[in-house]
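All values reported here derive from a predicted model rather than from experimental measurement. The sequence lines fix the lettering, A, B, ..., with proteins before strands; numbering per chain opens at 1.
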Amino acid sequence: NRGDESGSKLTVGVSMLSMQNEFIVNVSDEMEKKAKELGVELVVVDAERSALKQVEQIESFVAQQVDAIIMNPCEVEASSPAVTRALAANIPIINVNSETKTQPTAFVGSDDVESARIAMRYIAERLGGRGNVIMIHGYMGQAAQLKREQGAREILQNYPGLKLIAHQSGEWDRSKSMSLMENWIQSYGGQINAVFAQNDEMGMGAVKALTAAGLKDKVVVVSIDAIPDALDAVKKGTLDATVFQNAEQQGARAVETALKAAKGEAFDKQVLIPFELVTKENVAQYLK
Amino acid sequence: MRELLQVSGLSKSFGGVRALDRVRFTLRAGEVHALMGENGAGKSTFMKILMGLLTPDAGEVLLEGQPLRGQNVHEVLRRGIAMIHQEILAVPELTVAQNMFLGREKDVAAGRWGWVNDRKINQLAAQLLDQLGLDLAPTTPMKYLSVAQMQMVEIAKALSNHAKVLIMDEPTSALSDREVGTLFRIIQDLKRQGVAIIYISHKMDEIFAIADTITVLRDGTYIGTRPAAELDQSTLIAMMVGREINDLFPASTAHRGEEVLAVRNLTRAGYFTDVSFEVHRGEVLGLAGLMGAGRTELARAIFGLDRADSGEIYLKGQRVLISSPREAIRRGIGYVSEDRKALGFVPGLSVQQNLTLASLRSHQKGGLIREQSERTAAAAMITNLRIKASGPDQPVTYLSGGNQQKVVLGKVLLTSPELIMLDEPTRGVDIGAKFEIYKLINQLAASGLAVILISSELPEILGLSDRVLVLSKGRPTALLSKAEATQETIMQYAMQH
Amino acid sequence: MKSTLTDKVPLRRIGQYGIFLALVLICLVLALITPKFLTVPNLTIIVTQVSINALLAFGVTFVIITGGIDLSLGSMVAVTGVVAASFAHPDTYPLVVPLAMGLLAGVLIGAFNGFVITKSKVPPFIVTLGTMTIGRGLALILSKGRPISNLSDTFNFIGGGKVLGVPFPILVLVVAFVSCSVILRKTVLGRYMYAVGGNEQAARASGIDVSKVKMWVYTLSGGLAALAGIVLTSRITTGQPNAGVGFELNAIAAAIIGGTSTSGGTGTMAGTLIGALLIGVISNGLDLLNVTSYYQQVAMGVIIIGAVVLDSFNRTSAS
Amino acid sequence: MKSTLTDKVPLRRIGQYGIFLALVLICLVLALITPKFLTVPNLTIIVTQVSINALLAFGVTFVIITGGIDLSLGSMVAVTGVVAASFAHPDTYPLVVPLAMGLLAGVLIGAFNGFVITKSKVPPFIVTLGTMTIGRGLALILSKGRPISNLSDTFNFIGGGKVLGVPFPILVLVVAFVSCSVILRKTVLGRYMYAVGGNEQAARASGIDVSKVKMWVYTLSGGLAALAGIVLTSRITTGQPNAGVGFELNAIAAAIIGGTSTSGGTGTMAGTLIGALLIGVISNGLDLLNVTSYYQQVAMGVIIIGAVVLDSFNRTSAS
Ligand SMILES: Nc1ncnc2c1ncn2[C@@H]1O[C@H](COP(=O)(O)OP(=O)(O)OP(=O)(O)O)[C@@H](O)[C@H]1O
Ligand SMILES: Nc1ncnc2c1ncn2[C@@H]1O[C@H](COP(=O)(O)OP(=O)(O)OP(=O)(O)O)[C@@H](O)[C@H]1O
Ligand SMILES: [Mg+2]
Ligand SMILES: [Mg+2]
């Protein structure tokens with residue numbers, strides 16, 4: 001409302017989970033695009049996966065009296081104080097992509113738990129409900145890792161025939177997960193029927209290791225994010241499936257919502273953008 | 001006299017090295033007991049065991065009848081034994097006063113709430129420094145002191161302990177005669193108070209000046225104990241070395257040739273001023289002066305380690321600007337530092353690698369070291385200088401002081417210098433090795449090198465130099481010919497303002 | 001000749017605070033470029049944000065002065081945070097329990113570091129790198145890999161509350177700074193730290209129990225890391241098992257920027273505080289100027305190197 | 001007395017390889033527990049996985065021998081990987097171009113490190129910590145924060161191909177090991193590295209151009225980091241701007257475990273290789289045994305500390 005009265009550009013502070021993550025960078029780019037279109041000034045900062053840093057960044061935004069804040073939370077609990085601080089200063093704060101425990105002004109995104117459910121359900125179907133599954137975690141203890149694990153385990157529980165024979169952290173990293181998979185191939189070899197990697201980077205690493213060992217044909221690999229590399233792999237058939245999150249929608253809707261909130265206009269308190277399973281059949285529509 | 005300390009059957013090995021083998025020793029109150037032996041005889045090891053710094057393999061140590069074994073340094077200090085260590089053990093970042101009372105703050109200067117009372121420490125330090133005639137602020141950081149000043153502080157530190165037994169392991173190695181005089185006066189005082197002193201030195205004249213009793217070690221074994229009055233220099237040397245050394249300063253056969261180095265009005269503010277001299281082939285130029293006279297700084301400036309503020313340096317008539325040791329070496333200047341630990345050798349490298357370090361470029365092809373060539377050069381130097389080492393691959397750290405000194409000298413000689421500057425070349429070196437280094441200096445001069453000899457031991461200067469340049473507080477006060485140079489004249493000019 | 005020695009001391013003092021001048025310079029530049037910088041709320045935020053890194057940096061300053069290093073700081077932050085959080089749920093224990101347990105955890109890990117380092121000859125780098133990994137594992141085990149939330153308001157006051165308008169973390173910082181300075185400059189222990197780092201042999205020959213001093217510094221480092229862990233946990237109102245990753249490097253950087261030498265024997269708490277503030281101010285300034293994330297990293301590195309280069313030239317010319 | 005000194009050298013040698021015994025011991029235990037460990041494919045995989053860390057560790061061994069440190073390794077891996085990947089798309093440039101450009105990037109960053117360290121008095125820790133941040137920023141800027149994929153098959157052969165059944169990274173490792181050993185043990189430069197690290201002042205007084213030696217080691221470290229970056233990029237067939245985070249600590253750990261002292265002047269390439277293998281074997285073994293993630297970290301830390309403690313006691317008793 002302040003910005004509107006003075007006639008100058010509105011400023012929106014944005015704190016992103018990690019600008020080293022391709023999907024997050026995409027969301028951020030879409031936000032910039034939308035902001036330009038709407039004539040809003042964005043101040044984008046990178047929390048580098050640290051909730052503390054994120055809280056501090058929001059504190060700085062509050063001190064600078066921005067008109068609205070968009071936060072892509074690092075953690076459910078630990079990023080909550082940021083929401084509290086913003087609300088206490090009467091600055092609207094919009095969570096994008098994932099949630100915090102404290103209710104923000106509005107939420108734009110999708111439920112990470114759901115993405116893992118989609119992925120694991122696909123595995124269950126491919127294996128006909130029977131087989132040995134391996135899970136590669138993200139960085140242990142982070143919100144995305146916890147939620148994706150939760151979703152995967154929910155589905156596993158519904159399929160008693162699916163056995164989780166091993167799971168380790170690949171730290172969201174392609175080379176780590178590749179080494180991990182190489183070692184697992186040594187210990188489990190032909191027993192592995194499917195791999196669920198909590199993001200595409202790690203999924204690609206697993207695919208590399210399996211291909212090198214000549215096992216890719218026998219193992220189903222599914223991951224999440226639908227980064228271009230993964231889409232390519234799905235097209236080629238090396239990666240069996242990935243789960244698409246709509247970066248464009250998330251980014252654009254977040255900026256729109258922030259703007260409306262700042263101007264005091266009506267807005268949706270919750271904008272849910274669904275995940276979509278990407279397989280060889282429908283990959284063409286996601287490839288740009 | 002009362003027996004303070006009784007030692008029997010003391011043995012200590014380092015890995016395979018038997019540093020001490022069933023050594024016995026008795027110390028009486030009020031005596032100065034000299035402990036003599038060649039480099040590596042085991043003297044320092046013995047003393048470190050007394051202090052609780054090393055654990056012996058076997059043997060018994062009684063202090064006033066009570067066993068001393070298995071105690072830590074702190075306890076030993078409390079029971080009244082203090083030591084001036086051979087290598088200077090200073091904490092560079094702490095002040096003089098803080099160094100002097102290190103480890104005893106609670107005893108001498110407990111402040112409120114267990115804090116250290118630095119004002120008290122500074123007062124106490126100032127008193128002691130004054131007593132030693134040392135013109136030093138107690139608050140000066142130790143790192144700004146010269147080696148000599150540090151050694152005096154170490155002495156003050158040991159004295160401040162008010163110990164019953166005072167161990168002095170080569171306390172005068174970095175001191176010039178004036179400080180040595182002060183130290184000797186203090187030793188006499190302590191004797192009168194009944195303090196027993198164990199005195200280790202390689203300087204014969206000191207031993208005969210102050211020692212009451214002399215014990216000799218050789219290769220870690222006990223050779224004998226005699227009253228000093230019953231011994232003369234050659235008997236003592238024979239006990240130590242196992243052979244006789246007669247004429248310590250062999251006659252020189254060198255001829256003075258063309259001029260190699262000329263220095264004109266060289267000045268480095270605060271260190272030396274307006275120094276001019278020249279050195280010729282085949283000549284040994286002695287540089288004499290008191291501690292802090294600026295001799296080391298002068299040599300460092302010539303060698304390119306420090307920069308002079310003004311003045312000129314000529315090499316064989318040509319004006320040169322030397323900005324780094326690299327350049328100095330290329331131009332045929334060699335420098336053997338007084339501080340062999342800091343500037344002389346690289347402890348981790350072997351004897352051979354240290355020897356060839358400065359001349360390695362002449363043993364390489366395309367960057368690869370020609371091992372045969374390197375080995376030959378090193379072997380020749382080991383033979384020529386009679387370096388006592390188990391082999392060229394022995395780490396230089398395990399060598400005795402004298403042999404380390406020879407390695408540093410060998411390193412410089414392998415760069416084929418035309419001028420060599422030797423700064424305190426016999427510091428901490430035993431009598432046998434000293435003799436060999438003296439012979440070597442003469443040989444170097446005879447082979448046509450120009451030699452600058454910096455030494456705080458006047459006999460050395462007098463015995464080896466063809467001419468003597470005397471510095472006082474950084475200013476040249478006299479250039480004496482061999483005939484003019486006597487102990488008295490040199491001292492007179494050295495103290496002149 | 002002696003007079004030149006005494007003259008040198010004040011010059012040295014200025015040299016020592018060259019990094020302070022660098023800090024002032026950077027602040028001036030920022031104040032000129034952006035009006036948002038030199039405001040009370042912004043400065044308050046900077047100091048609050050700096051507090052955690054400063055607490056860690058104080059601890060590691062002790063360690064580095066003795067010639068050691070502590071890479072386990074970040075993991076200790078996580079472990080102690082998780083431990084404290086486990087006891088900090090509302091209506092369970094009084095506030096003192098989570099605090100005591102968190103501190104205990106830090107002190108124990110620190111003491112373990114000290115114990116291994118003094119009893120074996122293993123370099124501190126390896127020991128604390130090991131504890132870094134172990135600590136991270138412990139934090140995850142204790143929390144079962146999940147953030148521990150729902151903490152009491154009294155506990156959350158530590159990180160989020162204010163006393164007379166001053167954020168509580170700043171008060172913690174001030175108290176810690178004063179205490180650490182006193183330990184270092186006024187006590188026998190502090191003196192011994194310099195001695196051990198400056199010349200370990202000399203310290204031993206002076207009858208100093210070198211192992212005891214080392215035990216102390218690693219334990220102190222653990223205790224301060226626990227304090228940092230508690231402040232952090234309270235600030236984000238969650239015990240986060242993956243908190244503090246990489247904190248050790250920032251803390252060590254603050255100490256070294258502030259003039260503590262990795263070879264031991266030198267360093268002051270004031271210097272370390274300035275080092276931590278420098279990092280905090282640069283980071284805040286780059287955010288205020290809206291420098292893009294990637295370029296921020298480049299700028300951060302360049303400015304830090306630049307500041308220390310400035311300091312080092314200052315020092316060289318002063319001595 | 002002299003003869004006994006010669007006796008000591010072989011003893012010292014064994015002491016030096018105490019860590020080798022630790023490695024053998026761990027391998028034996030693993031072979032006994034799980035039959036999957038001692039198989040040709042598994043051992044091949046271990047060595048392949050170790051190659052990247054070993055390349056970095058070789059470089060940092062040079063640096064540490066001269067008494068320095070290099071924290072920018074991980075970031076250099078990222079930058080060089082991104083640079084190489086940018087030139088490695090199919091049907092664009094011949095293979096030599098991405099390789100040359102990657103190496104050039106590493107060498108330039110390394111030389112920058114060396115330049116700042118020798119020209120100013122800034123501690124290597126700060127300079128390379130700065131370059132670590134700068135490098136990460138550069139990698140993100142160059143790649144716009146996105147992985148660079150679609151690389152040519154010839155390029156991907158480096159990380160994924162085999163020659164006579166031997167994975168190519170192992171060949172790179174062997175060549176690098178031999179070259180680095182030769183540099184360290186057979187060349188004038190190698191000798192000078194030991195001299196500079198062992199006693200910098202003495203090195204200078206011996207006419208060694210200390211700055212030049214330091215320039216060399218940081219540049220070598222950059223070059224080897226580039227090699228590691230290229231192998232990694234090719235192995236995962238993508239230039240990742242966020243690759244290599246934390247790699248520097250593992251590389252430094254390998255060097256120190258292998259007997260390189262952080263105070264400079266000692267170290268061998270064989271020791272470093274053993275150190276890297278030790279870390280690799282433990283990590284592989286824990287995966288094979290399917291130790292739960294959290295406990296893996298604890299076990300990793302404990303075993304590494306344990307191995308080095310064993311080694312240090314071995315050394316002490318030998319000397
Ligand atoms: N820490 C050590 N490790 C291995 N050998 C040692 C150690 N300390 C001393 N030695 C060896 O023990 C022997 C005795 O050494 P010590 O220092 O006691 O001799 P010293 O009589 O004091 O000689 P100097 O007159 O040169 O000071 C020497 O051979 C020396 O190399
Ligand atoms: N780093 C330094 N900082 C301040 N003063 C110094 C420093 N190094 C040396 N000095 C002082 O410079 C003066 C000259 O020292 P120098 O070592 O050249 O004397 P010297 O004649 O060689 O005496 P010595 O016999 O002690 O070697 C001394 O007073 C010394 O205290
Ligand atoms: Mg001795
Ligand atoms: Mg001198």
Side-chain angles (χ1 to χ4, degrees), chain C residues 67 69 71-72 75 116 119-127 129-145 241 245-246 248-250 252-253 256-257 260-263 292-313 315-316, chain D residues 67 69 71-72 75 116 119-127 129-145 241 245-246 248-250 252-253 256-257 260-263 292-313 315-316:
Chain C
I69 192 99
L71 297 176
S72 62
S75 293
V116 178
K119 292 294 160 189
S120 73
K121 293 258 161 76
V122 181
F125 190 96
I126 293 296
V127 174
L129 188 69
T131 341
M132 173 187 185
T133 321
I134 297 173
R136 186 64 58 191
L138 284 180
L140 286 162
I141 292 171
L142 291 174
S143 66
K144 304 199 180 59
V245 174
E248 51 281 344
L249 288 185
N250 262 335
I252 299 170
I256 300 182
I257 291 172
T260 307
S261 151
T262 40
S263 44
T292 343
S293 158
Y294 306 156
Y295 290 92
Q296 270 212 16
Q297 304 204 37
V298 176
M300 184 87 188
V302 170
I303 298 177
I304 287 187
I305 294 181
V308 188
V309 166
L310 209 89
D311 176 37
S312 85
F313 282 130
R315 254 172 234 242
T316 327
Chain D
I69 193 98
L71 296 176
S72 61
S75 293
V116 178
K119 291 295 160 188
S120 74
K121 293 257 162 75
V122 181
F125 191 97
I126 294 295
V127 175
L129 188 69
T131 343
M132 174 188 186
T133 321
I134 297 174
R136 184 65 56 191
L138 284 180
L140 287 163
I141 292 171
L142 291 174
S143 66
K144 304 197 179 60
V245 174
E248 50 282 346
L249 289 185
N250 263 335
I252 298 170
I256 300 182
I257 291 172
T260 307
S261 152
T262 40
S263 45
T292 342
S293 179
Y294 310 156
Y295 290 92
Q296 265 210 20
Q297 304 201 39
V298 176
M300 185 87 187
V302 170
I303 298 177
I304 287 186
I305 294 181
V308 187
V309 166
L310 210 91
D311 176 37
S312 85
F313 281 130
R315 255 172 235 241
T316 327

(message) Let me confirm one number: the OH-CG distance from D:Y295 to C:L138, rounded to the nearest 0.5 Å.
(response) 9.0 Å
(request) Would you mind checking which part of C:V116 comes under 4.5 Å of any heavy atom in chain D, side chain (CB onward), backbone (N, CA, C, O), both or neither? (result) side chain
(message) With rounding to the nearest 0.5 angstrom, report the CG to OG1 distance, D:N250 to C:T133.
(response) 8.0 Å
(request) Drop me the distance from D:T292's OG1 to C:I141's CD1, to the nearest 0.5 angstrom. (result) 8.0 Å
(request) Find the one option among D:G135, D:S263, D:A299, D:G145 whose heavy-atom pairs under 4.5 Å with chain C are most numerous. (result) D:G145
(request) State, to 0.1 Å, how close D:V308 and C:P123 come at their nearest heavy-atom pair, and which atoms those are. (result) CG1-CD, 4.4 Å
(request) Looking only at non-hydrogen atoms, find the nearest pair between D:I305 and C:I134 and report the distance. (result) CD1-CD1, 4.3 Å
(message) Using a 4.5 angstrom heavy-atom cutoff, name the option from C:I304, C:T262, C:L249 with the most pairs to chain D.
(response) C:L249
(message) Return the CD1 to CD1 distance between C:I69 and D:I69, rounded to the nearest 0.5 Å.
(response) 8.0 Å
(request) Would you mind checking which part of C:L129 comes under 4.5 Å of any heavy atom in chain D, side chain (CB onward), backbone (N, CA, C, O), both or neither? (result) side chain
(message) Show every side chain to side chain donor-acceptor pair (under 3.5 Å) that has at least one partner inside residues 135-145 of chain D, sequence neighbours left out.
(response) none
